[in-house]
Amino acid sequence: MRVLVVDDDPVQRRLLMRALAPLEVEVWEARNGKEALDLLRDRLPHVVLTDLHMPVMDGLELTQSLKAQDPLLPVILLTADGEREVRLKGIEAGADDFLNRPVDLAELRLRVKGHLERRRLQEKLEDLERTLLVLMRAVEAKDAYTAGHGERVARYALLAAEELGAREEEREDLHMGALLHDVGKIAIPDHILRGDHPLSEHEWRLIREHPVRGDEILGPLRAHPRLRPYVRWHHEKLDGSGYPDGLTEIPLLVQALSAADIYDALTSVRTYRKPLKPHEALEALEEEARKGKLSREVVRAFRSGLLRNRLLRA
Ligand SMILES: [Fe+2]
Ligand SMILES: [Fe+2]
């Protein structure tokens, strides 16, 4: 891991760098904000430790500029005791932490260590998220017609969720759930997914297993309980005719995902038919509501979400 030390006083810089030595991190140094930014053009450090008053570019300006590049990069500002006004400005600029001068070196080490650990954890989470998306692309690549399906479905479902008044955390889960809803298709042989021949009864059964397969695949994730309804139930219907569980009560946001899924399937190109126009696909959703398979409230929200975002003409 890398720590950047920014201070115009060479003696102070040495002192800080020596204090960090036991952490066994790579330490970079710069004499002011401008030099720091130049140094970081290719690669960001994991923690930045910066002096406040420096010529050319001070610590506040540097903090602002770093936070604009990466809002989660930890920045520690070194301030003199009693600089309350400056601290407030520092918080405003996005600084994560403050250390009083003269610096207590043991405290400095502990603070930097804490920020490094949090940063490492956060990078791990980001990597996990990216891995999931890579996995989804692999699934979508099995069928030329489903490229980008997850992302489009997520977008449509979120439009409906907003109309339904979903909270931010709910929308985040819906987003992830929508991206991953078909992940279980990875367990289905490619020739079945390609859809270039009429499917046998046995092949249909395999396809209809994908929500359960997906539920199993995501099992080890900490977010599994929150993502599960989307992955497992996106083919359920309110009249009990859906699969895999034949539910007759389905959470509204899961229905928003089902509606988005149907809508995207109908409006994208398939081998066996031309794509429907937005208003035609919406009519198909309204038909689902009339048959009691989808709630009217969800279809209404879906329609107004499309209208509001000009994806449908009134
Ligand atoms: Fe599906
Ligand atoms: Fe789907």
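These figures come from a predicted structure and were not determined experimentally. For the numbers below, each heavy atom of this structure counts, side chains included, while hydrogens, waters and symmetry mates do not. Counting convention: from 1, in listed order, for ligands and their atoms alike.
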For the residue pair His197 and His191, categorise the inter-ring angle as parallel (less than 30°), tilted (30 to 60°) or perpendicular (more than 60°).
parallel
What class does the angle between the rings of Tyr243 and His235 fall in, given that below 30° is parallel, 30 to 60° is tilted and above 60° is perpendicular?
parallel
Please check this pair: side chain of His175 against backbone of Glu172, looking for a donor-acceptor N/O pair closer than 3.5 Å.
no
With the Fe ion (ligand 2) as the point of reference, which N/O/S atom of Asp182 is the closest?
OD2
Could you tell me whether the Fe ion (ligand 2) has an N, O or S atom of His181 under 2.8 Å away?
yes
Residue among Arg18, Arg2, Arg14 satisfying salt bridge (Lys or Arg N to Asp or Glu O under 4.0 Å) with Glu29
Arg14
So what does the His149 NE2 - the Fe ion (ligand 2) - Asp261 OD1 angle come to, to 10°?
70°
Rounded to 10°, the NE2/His234 to the Fe ion (ligand 1) to NE2/His210 angle comes out at 100°
